[in-house]
Amino acid sequence: MKKELLLVAAAFFLMSVTAITGVHAFDEKAKTVTISKYESDVTGDGTNESIQLKGVPYEDEEDYLKEIYIDISTVDEKQYKIPLESGSKASLKLVDLNQDGVKDLFSNVLTGGSGGITLNYLYTLKDNISKELKVPEPLEMASTFENGYKAKITIAQTGKTYEFDLKDRKKYYKKLGLYYKGRLNEPTELTVNSFHSLKPVKLKTGEVILKGVQRITGLANADTIAFVESTWKYGDDKWNLDTTNVQSNEEEQAGQGGKKS
């Protein structure tokens, strides 16, 4: 009799554990959100694959995704999972950026920091081979505050220098001790941020390029001085810088061009 009772108790325990495990698995699955989904040929075999951009938010902070990934399913039941970095927002575009006739997977992840920086990813699944492609590196710039409430930046790739008049921030900079009677108290650099945005742009010729925007700031993140735009074309298995354009914060707001020296 005792043996039978033990067997019944063991069976009940196993059923309870199975039920709890099943509920836990359901809860975990329910946490995954689908950000966007597509049906498109990204392998080049002539049939559409199912592509989904998914995220898993934190339990106590639903606006931030602790896990982000691209999930791809083929008609012959092959599965691909491409992990991305965590962030507050993510987007996915299917576009042929490496000019091989097959759509690539281009994704942006917003880091969620005060600087508004995006992480950018480019993958190809041509011939059912998952491969990461490089994206352009942000422009390198030398930057300094200058005497007389001015600043300048020099773009390394082009050698061009751009100057900015910052007299409208005179009181702010004096209060923080950056200037004394119009002269710098000590040499101070600006902050050259990574890409604020990087996105595909289709030209009239049908060619697709990438356009990036970097933000230049002064003594604080809110102290925006300029925006630097760059366009990139893919060729010879690499990204090549095509054009650059610099606008001061005021000119950006007014929709005017930058001042070059």
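Linking ILVMFWY residues whenever their side-chain heavy atoms come closer than 4.5 Å, directly or via other members, places Leu176 and Tyr149 in the same cluster. A chain of hydrophobic side-chain contacts below 4.5 Å, direct or via other Ile, Leu, Val, Met, Phe, Trp or Tyr residues, connects Ile225 to Leu219. Connection of Tyr64 to Leu53 is not established within any shared hydrophobic cluster, with ILVMFWY side chains joined at heavy-atom distances below 4.5 Å, either directly or through further cluster members. The hydrophobic clustering, which links ILVMFWY residues whose side-chain heavy atoms are closer than 4.5 Å, places Val201 and Leu198 apart. Neither Val102 nor Ile209 shares a network with the other; the hydrophobic side chains, linked directly or stepwise wherever heavy atoms of I, L, V, M, F, W or Y lie under 4.5 Å apart, form separate groups for each.
Closest of all the heavy-atom pairs between Ile35 and Gly55 is CD1-N, 4.1 Å. Heavy-atom minimum distance, Leu92 versus Ser36: CB-OG, 4.1 Å. In this structure, Val95 and Phe106 approach most closely via the heavy-atom pair CG1-CB, 4.4 Å. The shortest non-hydrogen separation linking Phe164 to Ser248 is CD2-CB, 3.9 Å. Shown here for Leu241 and Ser230, the closest heavy-atom pair between the two residues is CD1-CB, 3.9 Å. For Pro200 against Leu210, the heavy-atom pair with the smallest separation is N-CD2, 3.6 Å.
For the side chain to side chain donor-acceptor pair (under 3.5 Å) condition, the pairs that include at least one residue of residues 171-183, sequence neighbours left out, are Tyr173-Asp223. Applying the side chain to side chain donor-acceptor pair (under 3.5 Å) test to pairs two or more places apart or on separate chains, those with a residue in residues 77-86 are Glu67-Lys81, Ser73-Gln79, Tyr80-Asn128.
Taking a cutoff of 4.0 Å between a charged side-chain nitrogen and a carboxylate oxygen, Lys211 and Glu229 qualify as a salt bridge. Between Lys54 and Asp71 there is a salt bridge, since at least one side-chain N of the basic residue sits less than 4.0 Å from a carboxylate O of the acidic one.
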Query raised in the report: Between Glu186 and Thr188, does a side chain to side chain donor-acceptor pair (under 3.5 Å) hold up when you go through it step by step?
Result: CA-CA 6 Å; Glu186 61 181 6; Thr188 305; 4.8 Å; no

Query raised in the report: So Ile216 and Met141, side-chain contact (heavy atoms from CB on, under 4.5 Å) or not? Walk me through it.
Result: CA-CA 10 Å; Ile216 312 300; Met141 295 175 237; 3.9 Å; yes

**Report entry** Chi angles and distances behind the side-chain contact (heavy atoms from CB on, under 4.5 Å) call for Leu84, Leu119
**Finding:** CA-CA 9 Å; Leu84 310 176; Leu119 304 176; over 6 Å; no

Requested in this report: List the steps, then state whether side-chain contact (heavy atoms from CB on, under 4.5 Å) holds for Tyr38 with Ile72.
Outcome: CA-CA 10 Å; Tyr38 305 88; Ile72 305 108; over 6 Å; no

Report task. Report the C-alpha distance between Val109 and Ile68 in whole Å, list the side-chain angles of each, state the deciding distance to 0.1 Å, and finish with yes or no for side-chain contact (heavy atoms from CB on, under 4.5 Å). Result -> CA-CA 9 Å; Val109 174; Ile68 303 172; 3.9 Å; yes

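Distance check, rounded to the nearest 0.5 Å: OG of Ser194 to CD1 of Ile117 gives 5.5 Å. Rounding to the nearest 0.5 Å gives a distance of 5.5 Å between OG of Ser143 and CD of Glu189. Leu94 contributes atom CG, which lies 10.0 Å from atom CD of Glu49 (distance to the nearest 0.5 angstrom). Annotation: the span from Tyr69 atom OH to Gln52 atom CD amounts to 8.5 Å, rounded to 0.5 Å.
When atom types are taken as modelled, the side chain of Asp242 and the backbone of Trp232 share no donor-acceptor pair closer than 3.5 angstrom. Checked by atom type and distance alone, the side chain of Glu163 never pairs as donor or acceptor with a backbone atom of Lys152 at under 3.5 Å. A distance-only check finds a donor-acceptor pair linking the side chain of Gln214 to the backbone of Asn193 [under 3.5 Å]. Between the Ser88 side chain and the Thr111 main chain, no donor and acceptor come within less than 3.5 Å of each other. Not one N or O on the side chain of Asn108 forms a donor-acceptor pair closer than 3.5 Å with the backbone of Asn120. Under the 3.5 Å distance criterion, the side-chain polar atoms of Thr43 are left unmatched by any main-chain donor or acceptor of Asp127. Of the possible donor and acceptor atoms, one in the side chain of Asp41 sits under 3.5 Å from a partner among the backbone N and O of Gly46. Between the Asn98 side chain and the Asp104 main chain, no donor and acceptor come within less than 3.5 Å of each other. Side-chain atoms of Asn185 come within 3.5 Å of backbone atoms of Gly177 as a donor-acceptor pair (strictly under, hydrogens ignored).
Counted within 6.0 Å of NZ on Lys167, heavy atoms from surrounding residues, nucleotides or ligands total more than 12; the atom is thus considered enclosed. Other residues, nucleotides and ligands contribute only 12 or fewer heavy atoms inside 6.0 Å of the CD atom of Glu137.
You'll find the side chain of Lys134 stays beyond 4.5 Å of the side chain of Lys238, heavy atoms only. With a 4.5 Å cut-off on side-chain heavy atoms, Leu166 and Phe145 count as touching. Side chains of Val213 and Phe195 form no contact here, defined as non-hydrogen atoms less than 4.5 Å apart. Residues Asp100 and Lys126 form a side-chain contact, since some pair of their non-hydrogen atoms from C-beta on lies under 4.5 Å apart. Contact check for Tyr234 versus Leu97: no side-chain heavy atoms found under the 4.5 Å cut-off. In this structure the side chain of Leu190 never reaches within 4.5 angstrom of the side chain of Thr144, judged on heavy atoms. When side chains are defined from C-beta on, Glu207 counts as touching Lys233, because their heavy atoms get closer than 4.5 Å. Between Leu105 and Thr124, every side-chain heavy-atom pair lies at or beyond the 4.5 Å cut-off.
For Thr244 and Thr158, the side-chain atoms include no donor-acceptor pair closer than 3.5 Å. No side-chain N or O of Arg215 forms a donor-acceptor pair with one of Asn249 less than 3.5 Å apart. Using a 3.5 Å distance cut-off with no hydrogens or angles, the side chains of Thr217 and Thr224 do not pair a donor with an acceptor.
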